[in-house]
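Hydrogens, waters and symmetry mates are skipped; everything else that's a heavy atom, side chains included, is used. Nothing here was measured: the structure is a model prediction, and the numbers come from that model.
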Amino acid sequence: MIYSMVDEKIIRQQAVSDGIKHFATGIAVFQDGKILVVRRKSDDDFLPGAWELPGGGVEDGETIKQGAARELLEETGLKIDKVLGMFDGFDYTTPTKLKIRQINYKVTAKPSDIKLTEHDMYKWITFEDLPQLEATKLMADCIGKAFK
């Protein structure tokens, strides 16, 4: 499904019909034409050392947008300034959860220092940097869509 700023009710209805029970969110923070990416710690049990967008699971009782704001703050110390739109995500599984749908947002953040809590590095990348980024194919494709 292609998202611009789709009503969350529609997103959730589609997910139910697709057998999706869990949501995650990715946040493409834009600054000067670049996107913030973070690297998973090398001792993580799931995709160690992989680069990704900040984000994570949406908690029960949260809207997807609220989950995005919380995850960005928890993982980077950044607060969303403006939501620029949504972009295509993907479905995936983890060792503990089957059928997770990631919904993504393009945002700008309020000026602040980045304080990583769940990752060991961050960097700002351009579209041209994507081929060298050590990310899963799903994530690299996702980040590429954020630039469009």
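- The two atoms that bring P54 and L36 nearest to each other are CD-O, 3.7 Å, heavy atoms only.
- Linking ILVMFWY side-chain heavy atoms closer than 4.5 Å, directly or via other members, places L47 and L98 in two distinct hydrophobic clusters.
- How far NZ of K34 is from CZ of F147: 9.5 Å, rounded to the nearest 0.5 Å.
- Taken from CG in L84 to OH in Y105, the straight-line distance is 12.5 Å, to the nearest 0.5 Å.
- For the pair F30 and W124, the minimum side-chain heavy-atom distance is 4.5 Å or more.
- Using a cut-off of 4.0 Å between Lys/Arg side-chain N and Asp/Glu carboxylate O, D141 and K145 are scored as not salt-bridged.
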Applying side-chain contact (heavy atoms from CB on, under 4.5 Å) to K148 and F87, what does each step give before you reach the verdict? CA-CA 9 Å; K148 296 179 181 180; F87 64 99; over 6 Å; no
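- Between V38 and E52 there is a side-chain heavy-atom pair separated by less than 4.5 Å.
- With contacts defined as side-chain heavy-atom distances shorter than 4.5 Å, the pair T76/Y122 does not qualify.
- No side-chain heavy atom of D91 sits less than 4.5 Å from a side-chain heavy atom of D18.
- Residues K65 and E8 are not paired through a salt bridge, judged by the lack of any N-O separation under 4.0 Å between the basic side chain and the carboxylate.
- With hydrogens and angles ignored, the 3.5 Å screen pairs no side-chain donor or acceptor of K21 with any backbone N or O of K99.
- Between A109 and V29, the shortest heavy-atom contact is CB-CG1, 3.8 Å.
- Residues F23 and E62 fail the side-chain proximity criterion, which asks for heavy atoms closer than 4.5 Å.
- Smallest separation of non-hydrogen atoms from P48 and S42: CB-O, 3.3 Å.
- A distance of 11.0 Å separates CG in D7 from CZ in R12, rounded to the nearest 0.5 Å.
- Using modelled atom types, no side-chain atom of S112 and backbone atom of L78 make a donor-acceptor pair closer than 3.5 Å.
- Residues K110 and D81 are not paired through a salt bridge, judged by the lack of any N-O separation under 4.0 Å between the basic side chain and the carboxylate.
- When the options M139, K123, H119 are evaluated for a side chain to side chain contact (heavy atoms under 4.5 Å, CB included) with W51, the one that passes is K123.
- The hydrophobic clustering, which links ILVMFWY residues whose side-chain heavy atoms are closer than 4.5 Å, places V58 and I20 apart.
- Counting heavy atoms from C-beta on, the side chains of L53 and I27 never come closer than 4.5 Å.
- Salt-bridge check for D120 with K41: failed, with every basic side-chain N at 4.0 Å or more from each acidic carboxylate O.
- Annotation: side chain of M86 is in contact with side chain of I11 (closest heavy-atom distance under 4.5 Å).
- For the atom pair CD1 of I125 and CG of L133, the computed distance is 5.0 Å after rounding to the nearest 0.5 Å.
- The minimum heavy-atom distance linking A68 with I80 is given by the pair C-CD1, 4.4 Å.
- Within a 6.0 Å sphere centred on CD of Q132, heavy atoms belonging to other residues, nucleotides or ligands number more than 12.
- One distance of note links CG of N104 with CD1 of I64; it measures 10.5 Å at 0.5 Å rounding.
- Nearest heavy-atom pair across F90 and C142 is CE2-CB, 3.7 Å.
- Residues I114 and L73 fall into different hydrophobic clusters, defined by Ile, Leu, Val, Met, Phe, Trp and Tyr side chains chained together at heavy-atom separations under 4.5 Å.
- Proximity of E75 to E118: side-chain heavy atoms (C-beta onward) are separated by under 4.5 Å at one or more points.
- Note that NE2 of H22 is 11.0 Å distant from OG1 of T93, once rounded to the nearest 0.5 Å.
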